[in-house]
Each structure stands twice: as C-alpha cells, then as structure tokens.
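None of these values were measured; they are calculated from a predicted model. Lettering of chains follows the sequences in order, A, B, ..., and the numbering in each one begins at 1.
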Amino acid sequence: MKTLLIKSLKALTLVFTITLIVLTVWANWESPKLSEKLNLKPINLVVFNLNKSISISDSTDITKNLISTNGVTACSVNPKSNAVSVTFYDDVITEGSLGKVIEGQSFKTSKVNFATIDGPKCPIPSEYIDGLTTLKRILCFR
Amino acid sequence: MKKSFFMLVVATLILGACKKEEEPQKSLYLRLGGNAAIQAVIDQFIANVAADARINAFFAQAAADPARLKKLRDNLVNQIGEATGGPEKYTGLDMKTAHKGMKITDAHFNALVEDLSLALDKFSVPAMEKTELLTALGGMRADIVGQ
C-alpha cells in the first residue's frame, strides 16, 4: 500500500514536471509581441447616433472639433448611418465631454450600446484565449 | 604614352560599365512609417468600422469591452506590421478559425476594405503603398468570407 502510494506520487510529480517544462518551452518559444513590449496605451471607443442628417459641412466641423480635442486619437463621421465614432483615452477625456463637443454643432446624441447588440461572435470563447494568454505571460522569461 | 592612354581608356570603359549598385528598397512597413503610423491608421480604421452600420455588429463584443478592444487593436497592429515586413508578430487566431460561423459575405469584406482604405486616405498614404497593403491583406478574403 505504502509502495503504491509512493509510486503514484512519483508518477504524478513526473507528469507535473514534464507538463511544466513543456508549457515553459511553449511560452518562451517566441519573444513577446511587440505590442506587449511597447505596452500600447489602451484606447476606448464610443459611438453616438445623431438625431438628424449630417451635411458635408457638419461632418467637417464635427471632425475638426473632435480631432482637436485632447485625448481623442481618431474619429469617424458616417453620414449614411448618422453616426459618429470616436477612439479616445479615457484618462484624458470622458464620453460625456465628447458628446458635448458634438452637441455644440446643434445635434442631439445618443450613445450606441454595443452590449445589447447580438452580432456574430468569434467561435472560440474569450475566456479560453484569455487563459492561454495569461499563462503564456506568466511563464515567459524573455 | 600610347600604352598608358590605351589603359586609361580601358579603365574608364570598365568603370563606366559597372552598374551602380541599387539601394535595396525599404520594406512596406518602413515606407508606411513603422509602428506609430500603423497604430494611427488602425485607430482610425476602428473608428470607421464602429460607425459603419454595415459591419459594426461583427465588432460589437470588442466595442462593448475595453479589454477586448485592446486585444483587437493589438492584433490588428501586429497583423499589419507582420504583413508589411515589420518586427511585429501576429499571434492571434488564424483568420479561418476566428471567423468560423460568422457568415461573412463579400459585401461585408468589401465594406471592411473600404473602411481601411478611408483610414489610409486620411493619413495620405501614397497610392503605391496603399495598393501593396490592401493586396497583402486581400489574400485573407478566402479565409474570412463564407465561413
């Protein structure tokens, strides 16, 4: 009985060690992505629907006002869908402030809630991908 | 004297016949402006897609979650960086796996290319570089459309 227990423990330890070595080799096979090394500052995204049609001059004015706003990295005015989308740093400017910049052009804005849109999804669950990415980051020594 | 003159003529002909070694062309990555320029184009591309009612539903999950948006942005920067000869490495899912079951059509793909093209135009990317980039990425159509 005691011998069997010791043998089982030895086998488990061996399996665990081999698994750890294999995972470490996998995690260090490639150097980390350049984006991880550079640690790109995350951006936020907000899309506003507008209450009326957007003319070419409105589009130009809205774009000019948004791009000159501190914290905004990009903006897009889509006259076909009456939508304005903005990528920004949320530690510099808030969604509310961005909405006010647009409303300054006599528009009313309503934020698009993407969480309620049931669009096509990536077939691989994000938790699975996140788990692998986190494991790789922990075991990577490069 | 005649001999010296003759040798001078031969030497001149030989030197003149030597082709000047052409400078190797810079990679598309460097001609686009490197990582910083690609980041700026990707931010604009993301903004264009988010406002585009034809395809923004495909990106709803990323748009709703800042952590997923960061992953999408990083993956796009890495993908374009790698495709254009930069030091980035794309380590996301392969295109076929990532788009399986989404029923993406040619119209959806064309809309995406249009949004990317507009982003490149915003930064006045020259026509040659723009065409090279769109051609490099166009090769992914077969893996994305009809999955």
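A distance of 15.5 Å separates CG of A:L45 from NZ of B:K70, quoted to the nearest 0.5 Å. Atom CG of B:D65 is separated from atom CZ of A:F114 by 13.0 Å, given to the nearest 0.5 angstrom. How far OG of A:S81 is from CZ of B:R54: 9.0 Å, rounded to the nearest 0.5 Å.
Transitive grouping of hydrophobic side chains (ILVMFWY, heavy atoms separated by less than 4.5 Å) brings B:L69 and B:I80 into a common cluster. A:I62 and B:L118 fall into different hydrophobic clusters, defined by Ile, Leu, Val, Met, Phe, Trp and Tyr side-chain heavy atoms under 4.5 Å apart, directly or through other members.
Counted within 6.0 Å of CD1 on A:I56, heavy atoms from surrounding residues, nucleotides or ligands total 12 or fewer; the atom is thus considered open. A:N70 CG: 12 or fewer foreign heavy atoms inside a 6.0 Å radius. In the displayed structure, A:K52 atom NZ is contacted under 6.0 Å by more than 12 heavy atoms of other residues, nucleotides or ligands.
For residues 41-52 of chain B, a heavy-atom distance under 4.5 Å to chain A picks out B:D43, B:Q44, B:I46, B:A47, B:N48, B:A50, B:A51, B:D52, given by residue number.
Residue contact with chain A, scored on non-hydrogen atoms closer than 4.5 Å, is absent for B:D115.
Among A:V77, A:T87, A:N82, the residue making the largest number of heavy-atom pairs under 4.5 Å with chain B is A:T87.
Contact detail for B:R73 and A:K41: the closest heavy-atom pair is NH1-O, 2.8 Å.
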